[in-house]
Amino acid sequence: MTSLLFILLQPDTYIYIGWGCLALLSLLVVVVCRRIRRRRWKRWLLALPLLLLWGVFLWGTYVGFGQLEVVHLEFASRDLPEAFDGYRIVHFGDAHVGSYTGSREAILQRAVDSINAQNADLVVFTGDLQNKEPDEILAAKPILSRIKAPDGVVSILGNHDYTMYTGLTDAIAIGTNQGNTEGYQTDMGWRLLMNSRFRIRRDSASIVIAGLENDGEGRFPQLGNISSALYGVSRNEFVVMLEHDPTAWRRKILPHCHAQLTLSGHTHGGQFSLFGLSPAMFMYKEYQGMYYAGDRALYVTKGLGGVIPFRFGVKPEIAVITLRRITN
């Protein structure tokens, strides 16, 4: 049922549904309130929650989705070569560029400007570039192609970057669709890692940037291959692992490799939070921010966007991660 909704509905359609549901609910409250002739407090008991719902909907749709938070943090490791002490990585994910249509295109442009303004050594994108169709990427290519960094822009695939939400059944059509999703990223100058890796060098020192294909739970694609992603990588090398779904950290990355830092997304931080409570915290053990297991860590970004263009209490973000070497 969830997949069917993603196949059928466009981002603006969710907004129209929100307007319609709240309008019907408002009409119902008005009718009930008119029947309450005494005890005015009962009218307020019905009206106040409705006003709160309207406020959350309007703010989340027309203000919250357009906000942007730049998060600065550090990760320290004894395995980091001295030459990379102070190395800066911009991490963003879950762009869902198909939601940045019309007036919302300016929001994506501001996000790209902010990414470039960090002057990082490397930019990494941890999946879900599209909602369901590669044509969304094609439309956003002029904006996304402006992202630059000295060591390049690296990306991986998220669950939305496969054909699971398209409804396609023909093998040729599926192959063409998937090829476009991957090819458009290459066209933009991004290095797409699919269970692969590359090294960034500073004189004789190097670090490894590795990327797994999406490896989720349940109905999500489970395609991550640690052996392939880290082929030829020795145990004493410093590895930054990119994996869209954070559940793979405990399930696959921690037990089967030594990657010191893993970067993920997928959860969007729930896109909604009230009094510190988010639906994502009940679905994922690691759903936003930095998590540690000994001297290894996972950072889960809250992402830029979403299929539903709505954010309340969870600002879209880009993270600037500075690597530090522990010397004592």
Side-chain angles (χ1 to χ4, degrees), residues 89-98 115 120-132 134 136-137 140-141 144-145 147 149 151-165 177-200 207-217 220-231 233 239-254 256-257 259-268 284 286 297-306 317-319 321:
I89 301 172
V90 162
H91 171 208
F92 77 111
D94 302 285
H96 292 278
V97 294
I115 290 170
D121 298 288
L122 177 72
V123 175
V124 302
F125 176 76
T126 50
D128 276 5
L129 187 57
Q130 64 190 32
N131 286 339
K132 62 178 182 179
E136 301 164 17
I137 304 174
K141 275 178 64 177
L144 298 173
S145 297
I147 301 177
D151 290 325
V153 182
V154 183
S155 64
I156 58 172
L157 300 180
N159 54 290
H160 280 266
D161 299 320
Y162 297 89
T163 58
M164 63 181 295
Y165 299 109
N177 189 280
Q178 191 65 44
N180 287 338
T181 295
E182 298 166 13
Y184 290 153
Q185 296 186 49
T186 303
D187 292 345
M188 293 189 298
W190 294 15
R191 183 194 290 256
L192 178 61
L193 298 179
M194 299 179 66
N195 294 324
S196 57
R197 94 285 339 138
F198 74 102
R199 288 176 175 83
I200 297 173
I207 62 174
V208 176
I209 310 297
L212 292 174
E213 289 202 56
N214 188 90
D215 203 280
E217 295 180 315
F220 296 120
Q222 299 176 353
L223 301 171
N225 188 315
I226 294 281
S227 298
S228 177
L230 295 181
Y231 180 78
V233 176
V239 176
V240 178
M241 180 69 78
L242 311 180
E243 162 55 44
H244 178 67
D245 196 309
T247 65
W249 187 54
R250 293 191 183 277
R251 179 168 36 83
K252 181 167 287 189
I253 295 170
L254 284 179
H256 297 299
C257 76
Q260 291 88 346
L261 176 62
T262 299
L263 304 179
S264 295
H266 184 60
T267 69
H268 304 191
Y284 299 95
E286 292 88 17
L298 164 72
Y299 186 79
V300 184
T301 177
K302 296 190 291 289
L304 277 183
E317 74 163 29
I318 63 172
I321 303 170

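These numbers were taken from a predicted model, which means no experiment stands behind them.
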Between [X] (side chain only) and [Y] (backbone N and O only), is there a donor and an acceptor less than 3.5 Å apart?
| X | Y | result |
| --- | --- | --- |
| R251 | P246 | no |
| N214 | P221 | yes |
| R191 | V154 | no |
| N180 | N177 | no |
| S196 | M194 | yes |

Original post:
Is a salt bridge present between K252 and E243, judged by a nitrogen-to-oxygen distance below 4.0 Å?
Top reply: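 E243 and K252: not salt-bridged.
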
Original post:
I89 versus V124: any side-chain heavy-atom pair under 4.5 Å?
Top reply: yes

**OP:** Indicate whether the side chain of N195 and that of Y231 have a donor and an acceptor atom separated by less than 3.5 Å.
**Re:**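 Absent: no donor and acceptor within the cut-off.
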
Original post:
Does the side chain of Y165 come under 3.5 Å of the side chain of Q130 through a donor N or O and an acceptor N or O?
Top reply: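 Note: Y165 and Q130 side chains miss the donor-acceptor criterion.
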
**OP:** Would you sort out whether I253 and L298 count as a side chain to side chain contact (heavy atoms under 4.5 Å, CB included), showing the intermediate values?
**Re:** CA-CA 10 Å; I253 295 170; L298 164 72; over 6 Å; no

**OP:** Take Y284 and H266, measure what ring pair (Phe, Tyr, Trp, His ring centres under 6.0 Å) needs, and give me the verdict at the end.
**Re:** CA-CA 10 Å; Y284 299 95; H266 184 60; 5.7 Å; yes

Subject >> All ring pair (Phe, Tyr, Trp, His ring centres under 6.0 Å) counterparts of H96, not counting sequence neighbours >> reply: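 Once residues adjacent in sequence are excluded, the partners of H96 under the ring pair (Phe, Tyr, Trp, His ring centres under 6.0 Å) criterion are H160, H268.
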
